[in-house]
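This report refers to the structure that appears directly beneath it.
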2 protein chains.
Amino acid sequence: MTDTLNQVLAQADASLPRSLERLFALLRIPSISAQPRHASDCRTAAEWLREDLASLGFASRVAETPGHPMVVGHQENAQGPHVLFYGHYDVQPTDPLALWHSDPFDPRLVTEADGRKVIVARGASDDKGQLMTFIEACRAWKSVTGALPLNVSVLIEGEEESGGINLLPFLKANAAELHADVALICDTNMPNRTTPAITTGLRGLVGEEVVIECATHDLHSGMYGNAARNPIEVLCKILATIRDENGRVTLPGFYDGIVDAPDAVRAQWRGLYPDDAETLGPVGLSLAAGETGYSAIEQIWMRPTFEINGISGGYEDDGFKTVLPARAMAKISFRLVPGQDPLAIRDAFRTRVKEMLPPDAKIHFAPHGASTGFAVPADGPYLAPALGALTQEWGVPAVAIGSGGSIPVVAEIKEALGIDSLLVGFAQSDDRIHSPNEQYGVESFHRGIRSWVRVLAALAQG
Amino acid sequence: MTDTLNQVLAQADASLPRSLERLFALLRIPSISAQPRHASDCRTAAEWLREDLASLGFASRVAETPGHPMVVGHQENAQGPHVLFYGHYDVQPTDPLALWHSDPFDPRLVTEADGRKVIVARGASDDKGQLMTFIEACRAWKSVTGALPLNVSVLIEGEEESGGINLLPFLKANAAELHADVALICDTNMPNRTTPAITTGLRGLVGEEVVIECATHDLHSGMYGNAARNPIEVLCKILATIRDENGRVTLPGFYDGIVDAPDAVRAQWRGLYPDDAETLGPVGLSLAAGETGYSAIEQIWMRPTFEINGISGGYEDDGFKTVLPARAMAKISFRLVPGQDPLAIRDAFRTRVKEMLPPDAKIHFAPHGASTGFAVPADGPYLAPALGALTQEWGVPAVAIGSGGSIPVVAEIKEALGIDSLLVGFAQSDDRIHSPNEQYGVESFHRGIRSWVRVLAALAQG
């Protein structure tokens with residue numbers, strides 16, 4: 001196998017110029033899913049991918065949904081496990097267009113001040129560049145061996161950037177066809193330029209809006225101040241109790257079921273992010289504000305949190321108005337880790353608010369989503385081989401990392417197909433995804449392809 | 001004196017129709033001080049009043065200011081103390097005009113469903129109707145006795161409704177001319193339709209804006225939630241500490257120097273407002289929210305308070321955004337009673353915020369005014385005679401009441417001239433001042449005139 005693997009890697013190296021050409025062709029299609037005028041471009045991107053997969057021997061089709069279409073492909077192999085690769089061909093809008101240094105859909109190679117070569121275009125990193133690392137790895141395998149080393153299905157959607165609601169129903173409706181042993185996703189970052197990583201933890205989210213109403217209308221604070229209940233003060237007093245002086249959430253049962261990452265993993269994280277001041281420096285902060293006893297990266301990657309995402313009430317404009325408002329509103333959220341029950345936590349929050357609600361105050365709640373946290377089991381059959389493959393490619397021990405955010409597809413694949421996902425990504429934090437001058441390092445692309453070549457081999461061998 | 005007084009009262013009764021005609025003439029002048037296109041109307045109102053005062057034997061003039069002019073008049077008497085009457089001829093804008101049932105500057109008499117006759121026009125109550133009660137009382141005295149029973153100066157300004165800044169400099173520049181023993185002001189309410197009152201306490205105000213900043217820019221709550229300090233939470237935690245569970249302000253020294261109203265006065269208030277649920281019912285509330293142990297009206301009339309007048313931060317629009325904001329803002333105020341030092345209280349608030357400010361958070365303060373509370377001394381030489389005169393007129397014991405709000409002229413007269421003010425008013429809470437269909441009861445106008453006839457007599461006798 002080693003000889004074959006080396007040949008496939010050499011093929012990937014040799015064909016890099018043509019791999020870039022194909023990526024550039026895909027980047028030229030302005031497949032902005034959020035903008036109806038680009039609907040036909042989304043379909044063009046789907047067709048382009050279907051043809052490209054077909055040229056690699058995939059049985060591929062463009063599958064309709066109520067929104068933008070999916071691309072589905074399958075290629076069987078006599079042996080090995082079955083992987084399902086997920087990516088998305090749609091991209092973010094390009095505004096503000098004036099801040100781009102070149103046409104976002106005219107991709108170009110740019111050499112940075114530090115000598116790095118980057119691909120600049122909308123979607124270069126998120127997700128066209130990343131998804132093509134996988135397809136180009138398949139191409140290298142086919143080119144050298146005439147086959148893939150294991151069974152591969154591919155699902156590429158077109159609504160990831162526009163809050164699409166069609167993926168979960170599609171997964172459920174096609175569960176038999178799409179079933180595999182493990183999902184592979186290429187839509188995440190490396191923690192730095194040299195350390196490969198698999199994101200094995202994602203936080204869930206419970207969002208909630210709470211409105212407190214007291215008087216029937218805004219009052220003059222001179223006429224009623226003191227005697228009439230102030231809903232802003234009520235709201236502040238309630239929200240002030242949600243976390244204690246050690247940054248811990250005080251809702252009963254909030255931390256039930258949580259298991260922190262193993263010491264060995266946390267030690268790796270400390271190696272990557274030894275200093276909170278350095279971790280938080282880029283946003284103007286220096287100290288981790290959450291639970292004491294956890295570093296900033298631990299607070300983000302493996303601990304749940306409470307955030308106030310917005311608050312409003314009374315007079316917010318310039319100057320001053322002696323109003324005693326009738327109403328105050330806050331939007332809050334909890335980021336959840338595996339083990340926590342989003343609905344139980346929503347209930348606990350609502351119970352706290354109701355318990356603290358003074359007489360004469362009324363309350364309205366509005367839910368804004370509820371999803372569980374997610375973790376790839378450290379002892380599963382695919383994580384260790386994949387980490388090993390990445391370590392071999394990059395020459396640096398690959399790390400299992402967390403992510404503070406949510407990637408809904410991971411939960412949806414788990415729900416519809418019952419399988420875990422390995423999030424293997426090569427993006428960098430300065431790729432400017434969703435922003436003007438989005439870029440993807442040529443090294444990310446090249447070594448991403450090589451990484452997938454190795455990961456496929458490793459998973460095939462088990 | 002009693003015979004004379006009865007003759008003057010009879011004259012006031014007999015001339016009520018002509019008194020109303022004169023008030024209507026003044027109400028027809030659209031003297032809206034806030035709207036530049038009505039500047040000449042303001043001058044017309046000032047000239048009208050100057051002429052009317054002159055017709056009563058006042059040495060009167062229209063005095064220029066950088067804004068709308070003042071009307072000043074003097075009439076000496078061989079004996080008795082010297083009073084300075086203050087009123088304002090300017091009125092509020094009339095919008096929304098569509099909600100008026102008749103032209104706001106075409107005054108008319110309307111009979112209410114309960115049989116009450118009311119004068120409907122902009123300024124009917126605030127303040128043309130009220131100020132004319134005093135002038136008509138003077139007219140009745142002149143008509144019967146050929147003189148006023150004491151020395152009277154009159155100052156009528158034209159910028160009360162538009163945040164005028166010219167009154168205090170004018171008072172200071174003309175302090176010698178305007179000096180008197182006591183000021184009389186007719187711009188306040190009766191507590192109900194039958195009980196006459198003098199407002200002897202007014203609250204001061206300290207306004208403050210506080211901005212908390214943490215990160216240099218808004219963050220993704222998934223990427224940073226927990227580790228990056230949330231300025232809304234910081235703000236809520238600070239504001240939640242300002243009042244304790246008993247509604248008392250917790251700032252050190254906040255209550256220093258405060259003297260509650262005497263028991264006898266508080267007993268009168270309880271007679272007027274026996275039930276908090278009734279006091280607060282019109283605004284949809286039922287329980288006093290301030291310091292325990294004080295009724296709603298005591299909380300408003302004689303106790304200081306803390307209010308959050310506005311708050312904002314993060315995402316406030318429809319839906320949800322997982323933002324961790326960089327900035328949060330609140331506008332707060334304290335209503336003050338006599339004895340409290342506004343600047344010391346501002347300092348105490350700022351100290352609290354600074355003490356609670358966590359690492360990495362920055363703070364900005366902006367002051368929005370600072371004024372002291374005001375009280376007419378209960379043992380002064382003018383309050384008791386004035387209350388007695390009102391009691392005689394209305395047949396119900398007159399009450400010394402408080403007011404939750406501020407009336408800046410009272411503090412300005414005290415500052416510039418060194419004298420206290422007696423706030424004697426006949427407006428009702430349903431006069432709809434500042435709103436469409438402003439009205440003033442014919443009874444308020446008629447018995448207001450009779451009340452001033454008696455008050456002038458009582459003050460003349462000392």
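Each chain gets a letter, A, B and so on, in the order its sequence line appears, and its residues count up from 1.
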- Task: Hey, could you give me the CD1/CD1 distance between A:I232 and B:I332, rounded to the nearest 0.5 Å?
- Result: 11.5 Å
- Taking every heavy atom of A:E316 against every heavy atom of B:K331, the minimum-distance pair comes out as C-CE, 4.0 Å
- Region of B:M223 that comes under 4.5 Å of a non-hydrogen atom in chain A: backbone
- Message: Is B:E298 in contact with chain A via its backbone, its side chain, both, or neither, using a 4.5 Å heavy-atom distance?
- Response: neither
- Query: When only pairs under 4.5 Å are counted, which of A:G284, A:P282, A:S312, A:A296 shares the most heavy-atom pairs with chain B?
  - Reply: A:S312
- For chain A, the option from B:A227, B:G404, B:G207 that forms the most heavy-atom pairs under 4.5 Å: B:A227
- If you tally heavy-atom pairs under 4.5 Å against chain B, which of A:A330, A:S286, A:G314 wins? A:S286
- Message: Strictly distance-based, threshold 3.5 Å: is any side-chain N or O of B:N230 a donor or acceptor partner for the main-chain N or O of A:E307?
- Response: no
- Message: Less than 4.5 Å to any heavy atom of chain A: does that hold for the side chain of B:L280, its backbone, both, or neither?
- Response: side chain
- Bottom line for B:P304: the part with an atom under 4.5 Å from chain A's heavy atoms is backbone
- Message: Please rank A:H220, A:R243, A:E209 by heavy-atom pairs under 4.5 Å with chain B and give me the top one.
- Response: A:R243
- Name the region of B:P231, side chain, backbone, both or neither, that has any atom closer than 4.5 Å to a heavy atom of chain A. neither
- Query: Looking at A:I300 and B:Y224, what are the two nearest heavy atoms and their distance?
  - Reply: CD1-CA, 4.1 Å
- At a heavy-atom separation under 4.5 Å, does A:P358 approach chain B through its side chain, its backbone, both, or neither? neither
- Donor-acceptor contact present, side-chain B:N226 to main-chain A:G290, <3.5 Å: no
- Heavy-atom distances under 4.5 Å only: say whether B:L285 touches chain A with side chain, backbone, both or neither. both
- Task: Can you tell which part of A:R335 gets under 4.5 Å to a heavy atom of chain B, answering side chain, backbone, both or neither?
- Result: side chain
- A:L205 versus chain B, heavy atoms under 4.5 Å apart: side chain, backbone, both or neither? side chain
- Query: Hey, which of B:D317, B:I238, B:T279 has the most heavy atom pairs under 4.5 Å with chain A?
  - Reply: B:D317
- Crowding at CG, B:L272 (>12 non-hydrogen neighbours, <6.0 Å): yes
- Query: Do side-chain atoms of B:D360 reach the backbone of A:L287 as a donor and acceptor pair under 3.5 angstrom?
  - Reply: yes
- Task: Please check if the side chain of B:N309 supplies one atom and the backbone of A:T322 the other of a donor-acceptor pair under 3.5 Å.
- Result: no
- Query: Is it the side chain or the backbone of B:R203 that comes within 4.5 Å of chain A heavy atoms, both, or neither?
  - Reply: side chain
- Note on the structure: When rounded to the nearest 0.5 Å, the distance separating CE of A:M329 from CD1 of B:I311 is 11.0 Å
- Message: Under 4.5 Å from any heavy atom of chain A, what part of B:I242 do you find: side chain, backbone, both or neither?
- Response: neither
- Does any heavy atom of chain A fall under 4.5 Å from the side chain of B:D276, the backbone, both, or neither of them? neither
- Nearest non-hydrogen partners of B:A289 and A:A228, listed with the distance: CB-C, 3.9 Å
- Message: I'd like to know which of B:V323, B:V283, B:V234 tops the heavy-atom pair count under 4.5 Å against chain A.
- Response: B:V283
- Message: Just verifying a value: how many Å separate B:K237 NZ and A:T241 OG1, rounded to the nearest 0.5 Å?
- Response: 7.5 Å
- Which residue out of A:S333, A:G319, A:A288 racks up the most heavy-atom pairs below 4.5 Å with chain B? A:G319
- Query: Looking only at atom types and distance, does a side-chain atom of A:K321 sit under 3.5 Å from a main-chain N or O of B:G310, one as donor and one as acceptor?
  - Reply: no
- By a 4.5 Å heavy-atom criterion (distance strictly below it), what part of B:S295 contacts chain A: side chain, backbone, both, or neither? neither
- Message: Quick check for you: among A:E291, A:R303, A:Q299, A:H217, which has the greatest number of heavy-atom pairs under 4.5 Å with chain B?
- Response: A:Q299
- Message: Can you tell me which portion of A:E208 sits under 4.5 Å from chain B's heavy atoms? Options are side chain, backbone, both or neither.
- Response: backbone
